[in-house]
Amino acid sequence: MAEMRAFRDEVSGWAAGGPGGPASDLALRLGVRTAVLLEGLSDLAAVEALAARRGRDLAAEGVCVVPMGGAMNVGRYAGLLGQPGLGLRLAGLCDEGEHRFYERGLKRARAQHRDIFVCASDLEDELIRALGTARVEEVVGAEGDFRAWQTFQRQPAHQGRPRQQQLRRFLGTKKGRKIRYGRLLVEALDPEQVPTPLDDLLKSL
């Protein structure tokens, strides 16, 4: 796991303009075969949490889950990791509104994109709908965030909105909260509640 994180760090440095040799060497040594392109760290937390729940060690399977820091970076990462670069199989998970960036980026990189799974709105929205707002509020309360949630609801800008939209917005109001709840909400799911895009992604790996 630590070595796969090191590979991920090398890929990030490479995408930022650094040398690609260390990433290439690590990919060969670790037997990396698939790169999962994700928009950010909250998606990474959710994917890793679901893999752990299902008893899968993605790193041992040669799968590296890569948060790209935004969908607009997909072309760069696909070019480095797909057929133009390391030749890895590519998969991914993206928001509905960002799907066009994945399509364009993968096309420019001449990479296959049949294994890109699209969330309606975004992954947080998928998880909230799967759990239901009452269960999400239970998770928020168990984490000690219920008072902050109530304060958020009383703000004029959020009053009158559907509870699901309020919760989705609440998760993004504090640095690190989306990442933490990406894991927590997945851990709260019953097996049959896993959102289809997330479930299909894991099954494809």
Side-chain angles (χ1 to χ4, degrees), residues 1-52 54 56-124 126 178-179 182-183 186 194-205:
M1 185 68 174
E3 287 188 311
M4 192 62 82
R5 281 197 296 267
F7 170 69
R8 192 163 63 207
D9 290 343
E10 291 293 347
V11 168
S12 296
W14 188 13
S24 180
D25 292 344
L26 274 173
L28 186 62
R29 180 154 61 86
L30 298 176
V32 182
R33 59 177 180 82
T34 300
V36 182
L37 304 180
L38 302 177
E39 293 184 46
L41 293 172
S42 61
D43 301 320
L44 170 67
V47 170
E48 290 186 337
L50 183 59
R54 293 182 173 176
R56 295 185 59 181
D57 184 342
L58 295 181
E61 296 174 25
V63 177
C64 183
V65 187
V66 182
M68 302 180 296
M72 287 183 288
N73 295 321
V74 68
R76 175 68 171 157
Y77 278 85
L80 298 179
L81 298 174
Q83 289 303 324
L86 298 185
L88 305 180
R89 176 198 165 214
L90 300 179
L93 185 74
C94 67
D95 300 346
E96 187 174 49
E98 313 298 344
H99 188 210
R100 66 189 186 280
F101 294 117
Y102 272 69
E103 289 185 321
R104 292 173 192 163
L106 292 170
K107 184 176 181 179
R108 284 199 303 269
R110 303 187 305 281
Q112 297 291 326
H113 57 276
R114 63 181 179 273
D115 294 325
I116 302 301
F117 302 94
V118 183
C119 297
S121 293
D122 56 23
L123 183 55
E124 288 76 27
E126 292 272 6
K178 280 180 67 173
I179 300 170
R183 173 181 59 82
V186 167
V194 177
T196 298
L198 187 58
D199 186 44
D200 287 347
L201 172 65
L202 262 290
K203 287 177 178 177
S204 77
L205 302 177

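Glu61 pairs by the side-chain hydrogen bond (donor to acceptor under 3.5 Å, both in side chains) definition with Arg56, not counting sequence neighbours. The side-chain contact (heavy atoms from CB on, under 4.5 Å) search around Asp25 returns none, not counting sequence neighbours. Qualifying side-chain contact (heavy atoms from CB on, under 4.5 Å) partners for Ala23, counting only residues two or more places apart in sequence or in other chains: Phe7, Glu10, Val11, Trp14. Residues satisfying the side-chain hydrogen bond (donor to acceptor under 3.5 Å, both in side chains) test with Glu39, not counting sequence neighbours, are none.
For residues 194-204, the pairs satisfying side-chain hydrogen bond (donor to acceptor under 3.5 Å, both in side chains) are Arg54-Asp199, Asp199-Lys203, with sequence neighbours left out. Here side-chain hydrogen bond (donor to acceptor under 3.5 Å, both in side chains) pairs that include residues 72-91, with residues two or more places apart or in two chains, are Arg89-Asp115.
Residues Ala78 and Gly105 come closest through the heavy atom pair CB-O, 4.4 Å. Between Pro197 and Val118, the shortest heavy-atom contact is CG-O, 3.3 Å. Of all the heavy atoms in Pro84 and Ala109, the pair that sits closest is CG-O, 2.7 Å.
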Carefully, step by step, assess Leu93 and Leu123 under the rule side-chain contact (heavy atoms from CB on, under 4.5 Å). CA-CA 9 Å; Leu93 185 74; Leu123 183 55; 4.0 Å; yes
Under the criterion side-chain contact (heavy atoms from CB on, under 4.5 Å), I'd like the reasoning laid out for Thr34 against Leu90: C-alpha separation, chi angles, the key distance, then a yes or no. CA-CA 6 Å; Thr34 300; Leu90 300 179; over 6 Å; no
side-chain contact (heavy atoms from CB on, under 4.5 Å) evaluation trace for Val66 with Val36: CA-CA 6 Å; Val66 182; Val36 182; over 6 Å; no
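Atom CZ in Arg100 sits 10.5 Å away from atom SG in Cys94 (nearest 0.5 Å). With rounding to the nearest 0.5 Å, the separation of CG in Leu201 from CG in Leu38 is 7.0 Å. Between the CG atom in Leu44 and the CD1 atom in Ile179 there is a gap of 8.5 Å [rounded to 0.5 Å]. Cys119 contributes atom SG, which lies 11.0 Å from atom NE2 of His99 (distance to the nearest 0.5 angstrom). Distance check: Leu205 CG to Arg33 CZ gives 7.0 Å after rounding to the nearest 0.5 Å. Taking SG from Cys64 and CG from Leu86, the interatomic distance works out to 10.5 Å, rounded to the nearest 0.5 Å.
Between the side chains of Ser121 and Glu126, no donor N or O sits under 3.5 Å from an acceptor N or O.
Judged purely by atom type and a 3.5 angstrom limit, Asp95 has no side-chain atom pairing as donor or acceptor with the backbone of Glu98. Checked by atom type and distance alone, the side chain of Tyr102 never pairs as donor or acceptor with a backbone atom of Phe117 at under 3.5 Å.
Counting heavy atoms from C-beta on, the side chains of Glu48 and Leu58 never come closer than 4.5 Å. Using a 4.5 Å cut-off on side-chain heavy atoms (C-beta onward), Leu198 and Val186 make contact. Side-chain contact check for Arg104 versus Lys107: every heavy-atom pair is 4.5 Å or farther apart. Between Lys178 and Leu41, every side-chain heavy-atom pair lies at or beyond the 4.5 Å cut-off. At least one side-chain heavy atom of Pro67 sits under 4.5 Å from a side-chain heavy atom of Arg8.
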